[in-house]
Amino acid sequence: MPMLATLTSRRVFDDRWVFERKLDGVRVLAAFDPDAGVRLTSRTGRALNGTYPEVVAALEQQSGLEFTVDGEVVALEHGRTSFELLQQRLGLSDPVAALATGVAVTYYLFDLLSLDGRDTTGLPLRDRKALLREAIDFHGPLRYTAHRNRGGQELLEEACGKGWEGLIAKRADSRYAHGRSTDWLKLKCSSGQEFVVGGFTEPAGSRAGFGALLVGHYQDGRLRYAGKVGTGYDGRTLTELRARLDALRQDDSPFADRIQERQARWVRPELVAQVGFSEWTRAGRLRHPRFLGLRDDKDPSRVVREEPVPGGTP
DNA sequence: TTCCGACAGTGGGGTCGCAAT
DNA sequence: ATTGCGACCCCACTATCGGAA
């Protein structure tokens, strides 16, 4: 289990923290043993050698010393990490099929867990990074993850302006801990806008009120579907909003797009919700959507897709 | 007493693989 | 051939509970 960062809204840091680019890919631990060779594993412990054969090959060409490293496998597109592009390789376990996708991957290394048979997880982060930089010959798909020693609000704004996903702040003197830790903090760039509520889904299990809102925006006079928003509500909001939705029920979908959703309930498109999300997908859906509140001050017919400033806001 | 961390439970987009239709 | 579903990846968020502060 790798060390995991905790999401935070904190933006003020002193010089005991270092900052790395937040990479939008998949977490991969890599172990090399002169006898057993390279072993790539996912966050949940699954074997990934067949998925990223070029990474295995590059790690096999190292000095011959035992090592365990931690990093993120990403697919780069115009200098930005693209999770959607990487997804074409995620489920593949056959190395031939993986390479045949044509999706090139890069393995950004940012930590060292062992070297030459010695456990390095008890060393401070700066020391581990220094050892990592010397131990690995960074070539081909292998890259060292740069970090900066100062940061906070300004650095995050800079990162978001470049279209990055955000930053990871790490305690410079912390040791490597397996699992979730507050010594590593996730600072995300995010965006949000208003959407028209055109329907909802029924709740499941112990859920009250409804499952998710079906939301959209207008384009050329038609209501285009943008996806479901199923989190961000407290119990009271779920029940109160359900009552308002029931009062707006209608038989037909208000959306211009066909929606693959059995059991969808439709409403007159009169409610406007503020929704936070990380980005638009290629299919025009919201990634990582969450409900932020209703906007009673907004005319639903004026809700359109906003093409925001590059990178959004921190 | 209050706060924090960990966990369970609900919800999202997207892809692959396989079974059912 | 198409559809549905679960398993993985990436996640956000709320509610709850027990222990730390």
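As the structure is a prediction and not an experimental result, all values here were calculated from the model. Lettering follows sequence order; numbering is per chain, from 1.
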K.L.:
Taking the minimum atom-to-atom distance to the side chain of A/R46, which one of C/dA15, C/dC9, B/dG12 wins?
P.N.:
C/dC9
K.L.:
If you only use heavy atoms from C-beta on, which nucleotide in B/dT10, B/dG5, C/dT14 is closest to the side chain of A/T182?
P.N.:
B/dG5
K.L.:
Within the structure shown, what part of the strands sits under 4.0 Å from A/G235 by heavy-atom distance: base, sugar-phosphate, or nothing?
P.N.:
sugar-phosphate
K.L.:
Regarding A/T6, tell me which of base, sugar-phosphate or nothing describes its non-hydrogen contacts under 4.0 Å with the strands shown.
P.N.:
nothing
K.L.:
Taking atom types as modelled and ignoring hydrogens, do the side chains of A/N149 and A/R126 form a donor-acceptor contact shorter than 3.5 angstrom?
P.N.:
yes
K.L.:
Looking at every strand, decide which applies to A/L86 at a 4.0 Å heavy-atom threshold: base, sugar-phosphate, or nothing.
P.N.:
nothing
K.L.:
On DNA chain B, check which nucleotide each of A/Q87 and A/S181 is closest to and give me the residue with the more 5' one.
P.N.:
A/S181
K.L.:
Between A/R268 and A/Q250, do the side chains contain a donor N or O and an acceptor N or O under 3.5 Å apart?
P.N.:
no
K.L.:
Within this structure, what is the CG-to-C1' distance between A/D183 and B/dG5, rounded to whole angstrom?
P.N.:
13 Å
K.L.:
Measure CZ/A/R285 against C1'/C/dC11 and give the value in whole Å, please.
P.N.:
17 Å
K.L.:
Under 4.0 Å between a side-chain N or O of A/R27 and OP1 or OP2 of C/dC8?
P.N.:
no
K.L.:
How close or far is atom P of B/dG13 from atom CZ of A/F195, stated in whole angstroms?
P.N.:
12 Å
K.L.:
When you check the phosphate oxygens OP1 and OP2 of B/dG11, does a side-chain N or O of A/T201 lie under 4.0 Å from one of them?
P.N.:
no
K.L.:
Calculate the interatomic distance between A/R207 atom CZ and C/dA12 atom C1'; express it in whole Å.
P.N.:
11 Å
K.L.:
For A/D33 and A/R39, what are the C-alpha separation, side-chain angles and deciding distance, and is it a salt bridge (charged side-chain N to carboxylate O under 4.0 Å, His left out)?
P.N.:
CA-CA 9 Å; A/D33 182 88; A/R39 186 167 47 88; over 6 Å; no
K.L.:
Which nucleotide, B/dG11, C/dA12, B/dG5, lies nearest any side-chain atom of A/L7?
P.N.:
C/dA12
K.L.:
Ignoring the backbone of A/K186, work out which of C/dC9, C/dC11, B/dG14 is nearest its side chain.
P.N.:
C/dC11
K.L.:
Please state whether the phosphate of C/dA12, meaning OP1 or OP2, lies under 4.0 angstrom from any side-chain nitrogen or oxygen of A/K188.
P.N.:
yes
K.L.:
Under 4.0 Å, heavy atoms only, any strand: does A/F291 hit a base, just the sugar-phosphate, or nothing?
P.N.:
nothing
K.L.:
Under 3.5 Å for both donor-acceptor distances, Watson-Crick or wobble: does B/dC7 have a partner, and if so which one?
P.N.:
none
K.L.:
Under 4.0 angstrom, heavy atoms only, what part of the nucleic acid is A/S42 near: base, sugar-phosphate, or nothing?
P.N.:
sugar-phosphate
K.L.:
Out of A/E20, A/E158, A/E154, which one pairs with A/R148 under the salt bridge (charged side-chain N to carboxylate O under 4.0 Å, His left out) rule?
P.N.:
A/E158
K.L.:
Heavy atoms from C-beta onward define the side chain here; which of B/dG9, B/dG14, C/dA12 lies closest to that of A/S206?
P.N.:
B/dG9
K.L.:
Select one nucleotide: of C/dA15, B/dG14, B/dG12, the one nearest the side-chain heavy atoms of A/E84.
P.N.:
B/dG14
K.L.:
With DNA chain B as reference, determine whether A/L92 or A/E261 sits nearer its 5' end, using the nearest nucleotide of each.
P.N.:
A/E261
K.L.:
C/dC8 P sits how many Å from A/L40 CG, rounded?
P.N.:
18 Å
K.L.:
Between A/H178 and A/W184 (judged by ring centroids, cut-off 6.0 Å), do the two rings come close enough to count as a pair?
P.N.:
no
K.L.:
Looking at A/T44, I'd like to know whether one of its side-chain N or O atoms comes within less than 4.0 Å of OP1 or OP2 on C/dC9.
P.N.:
yes
K.L.:
What do you reckon, are the aromatic ring centroids of A/Y108 and A/Y144 less than 6.0 Å apart?
P.N.:
no
K.L.:
Looking at every strand, decide which applies to A/G179 at a 4.0 Å heavy-atom threshold: base, sugar-phosphate, or nothing.
P.N.:
nothing
K.L.:
What contact category does A/R43 fall into here, base, sugar-phosphate, or nothing, at under 4.0 angstrom with non-hydrogen atoms?
P.N.:
sugar-phosphate
K.L.:
For the side chain of A/F83, counting heavy atoms from C-beta on, which of B/dT10, B/dG13, C/dA12 is nearest?
P.N.:
B/dG13
K.L.:
Let me know, please, whether A/Y233 or A/G25 comes out on the 5' side of the other along DNA chain C by nearest nucleotide.
P.N.:
A/G25
K.L.:
Quick one: is A/K22 getting a side-chain N or O under 4.0 Å of the C/dC11 phosphate, OP1 or OP2?
P.N.:
yes
K.L.:
Hey, are A/S114 and A/E66 close enough side-chain-wise for a donor-acceptor pair under 3.5 Å?
P.N.:
yes
K.L.:
Closest to the A/Y225 side chain: C/dA12, B/dG13, B/dG9?
P.N.:
B/dG13
K.L.:
Within this structure, what is the CG-to-P distance between A/D234 and C/dA15, rounded to whole angstrom?
P.N.:
5 Å
K.L.:
Does B/dG13 have OP1 or OP2 sitting under 4.0 Å from an N or O in the side chain of A/R287?
P.N.:
no
